[in-house]
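Have a look at the structure below, then the notes.
Convention: sequence-line order gives letters A, B, ...; per-chain numbering from 1.
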There are 2 protein chains.
Amino acid sequence: MTKTRTASFQAIKTEILGKIKNGYWNPGDIIPGEESLAESYGCSRVTVNRALRELAEEGFVERRRKSGTRVSLNTSRDARVQIPIVREEIENKGATYRYELILNEEVVAPTDVCRKMNLQKGVKALHIKCLHLADEVPYQFEDRWINLDHVPAARETDFSEVSPNEWLVRKEPFSEAEHTFSAMLADEETANMLEIEKGDALFVVERRTWREKNSITSVKLSFPGASYKMTTRG
Amino acid sequence: MTKTRTASFQAIKTEILGKIKNGYWNPGDIIPGEESLAESYGCSRVTVNRALRELAEEGFVERRRKSGTRVSLNTSRDARVQIPIVREEIENKGATYRYELILNEEVVAPTDVCRKMNLQKGVKALHIKCLHLADEVPYQFEDRWINLDHVPAARETDFSEVSPNEWLVRKEPFSEAEHTFSAMLADEETANMLEIEKGDALFVVERRTWREKNSITSVKLSFPGASYKMTTRG
DNA sequence: GAGTGGTCTAGACCACCTG
DNA sequence: AGGTGGTCTAGACCACTCA
């Protein structure tokens with residue numbers, strides 16, 4: 001109603017969010033349609049549309065054609081996590097980055113890897129293990145499988161120079177990624193690699209990426225738990 | 001050029017992303033202006049604008065007035081993490097949720113908590129410990145501090161019935177939050193609470209929230225590492 | 001079938017940044 | 001000072017979904 005002079009989708013977003021916050025509209029309620037809101041805010045429908053679209057992206061409302069826009073029931077919130085490139089992450093801390101290739105072989109993928117990457121049984125894939133160091137201190141142990149069907153170029157790449165992480169980012173950008181975070185105890189191999197004790201805490205990130213529904217890679221990144229923190233704002 | 005019949009910002013996004021992926025435009029390169037792209041795609045500038053705006057949000061390009069749009073140098077990407085409400089998380093798995101209050105006292109906050117919550121030394125705050133169970137199995141141990149200066153109502157709330165998590169969400173659902181994920185070994189108290197062994201792996205989420213720059217709460221959530229996974233798509 | 005959101009257009013003005 | 005992105009408008013058509 002109060003037509004803010006600097007009328008904008010931003011102001012409308014804030015106003016609508018305010019009405020959700022203070023209980024004017026409750027979870028599950030349907031809020032007025034775009035047209036009606038546009039009229040009451042004295043702006044065009046496109047502007048209201050953008051405000052609502054962004055609120056929907058941020059999870060505050062849910063929209064459906066015909067039935068309209070309603071305040072989300074689900075109170076959970078999205079937060080953004082930055083998934084950095086290891087090298088950049090280390091260098092941003094002012095440390096010197098070093099990379100060490102441990103293993104690079106084309107072998108038949110074990111069944112759990114086949115499942116994760118939608119591979120047929122018995123198909124060969126590229127298995128790579130490597131270590132990322134910050135100022136010569138082990139920082140991250142990487143255990144990766146690459147789908148050679150979709151990334152054949154990986155076969156002829158010299159991963160002793162470039163880390164598969166960076167190479168893939170540059171050559172094979174992904175469209176979809178799935179990350180799983182968990183905590184576990186270090187097994188012997190990982191402990192040796194990271195120069196910690198077997199049974200120490202590990203922060204583990206498992207990442208699977210796809211390009212147009214084609215599986216590209218599946219990787220397990222292990223960090224010494226005490227040292228790794230990932231921060232996000234939400 | 002090839003005006004896709006279903007011409008759309010989406011198609012333009014894909015096309016531009018393709019040119020970034022296949023190296024037609026490299027990181028750091030400036031890509032043509034909106035007007036020029038609009039002309040070559042045979043669409044309006046607003047449509048190109050939306051495509052580029054979303055690519056910028058997703059981190060593929062960076063935009064600045066006057067200087068234009070360039071392909072991002074920083075290859076890191078944002079992913080979205082869902083931070084669920086414990087009860088919903090458990091119930092969504094089909095398990096029965098139960099909540100148990102362990103501790104609820106108003107005490108002088110230790111220095112590390114003061115620092116985290118911007119409290120003056122010697123100020124009292126509400127300290128709550130509680131346990132969330134799924135089908136009677138300990139699922140999450142919560143160790144929380146609430147700032148009574150900004151949330152005085154917490155003093156008179158009966159947290160044996162409502163978990164502080166849900167109570168706060170209902171009272172102040174839209175505060176700013178910061179999350180830190182890490183892995184650590186269970187200390188004795190946490191191990192007892194979660195019915196695991198001391199030294200087992202824990203997945204730890206620390207969350208701090210604010211309302212208008214006023215610190216509300218600081219909480220440490222511990223999960224048995226092997227059982228907790230947090231998934232994200234990006 | 002009808003109502004709502006999803007998107008597009010053409011033209012316009014503004015705000016910011018850089019040279 | 002001028003170029004580029006940021007946003008707004010009015011009107012239009014489409015697509016999905018619910019009754």
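Across the protein-nucleic acid pair, B/Arg50 atom CZ and D/dG5 atom P stand 18 Å apart, rounded to whole Å. Distance CD (B/Glu35) to C1' (D/dT7): 15 Å, rounded to an integer number of Å. Rounded to an integer number of Å, the gap from CZ of A/Arg65 to P of D/dA19 is 17 Å. In this structure, the CD1 atom of B/Ile30 is 13 Å from the C1' atom of D/dG5, given to the nearest Å. Here C/dT4 presents its P atom at 18 Å from CD of A/Glu62, a figure rounded to the nearest Å. The OH-P distance, from B/Tyr41 to C/dC8, rounds to 14 Å in whole Å. Rounding to whole angstrom units, CD1 of residue B/Ile16 and P of D/dG5 are separated by 11 Å. Separating the CG atom of A/Leu37 from the P atom of D/dC8 is a distance of 15 Å, rounded to the nearest angstrom.
Dashed line: the shortest gap from a side-chain N or O of B/Thr69 to OP1 or OP2 of D/dG5 is under 4.0 Å. Residue B/Asn49 places at least one side-chain N or O under 4.0 Å from the OP1 or OP2 atom of D/dG6. Regarding contacts with the backbone of C/dT9, a side-chain N or O of B/Thr47 is found under 4.0 angstrom from either OP1 or OP2. Contact annotation: B/Arg64 does not reach the phosphate of C/dC16 (side-chain N/O to OP1 or OP2, under 4.0 Å).
Mapping A/Ile31 and B/Lys66 onto DNA chain C via the closest heavy atom, the residue that lands nearer the 5' end is A/Ile31.
Here D/dG5 is the nucleotide among C/dG5, D/dG2, D/dG5 with the atom lying nearest to any side-chain atom of B/Glu34. Checked against C/dC8, C/dA10, D/dT7, the side chain of B/Val46 finds its nearest nucleotide in C/dA10. Distance from the side chain of A/Phe9 is smallest to D/dT7 among D/dT9, C/dA10, D/dT7. Comparing atom distances between the B/Arg63 side chain and each of D/dG5, D/dC8, D/dA15 picks out D/dG5 as nearest.
For A/Arg45 against C/dT7, a side-chain N or O and a base N or O form a donor-acceptor pair under 3.5 Å.
In this pair, A/Tyr99 and A/His132 present their aromatic rings tilted. The plane angle is within the 30 to 60° band.
Across every non-hydrogen atom of A/Ser163 and A/Tyr97, the tightest pair is CB-OH, 4.1 Å. The two residues A/Val48 and A/Cys43 come nearest to each other via the heavy atoms CG2-SG, 3.7 Å.
Salt-bridge formation is detected for the pair B/Glu136/B/Arg98: a Lys NZ or Arg NE/NH1/NH2 atom is positioned less than 4.0 Å from an Asp or Glu carboxylate oxygen.
Between the side chains of A/Arg208 and A/Ser218, no donor-acceptor pair of N or O atoms lies under 3.5 Å.
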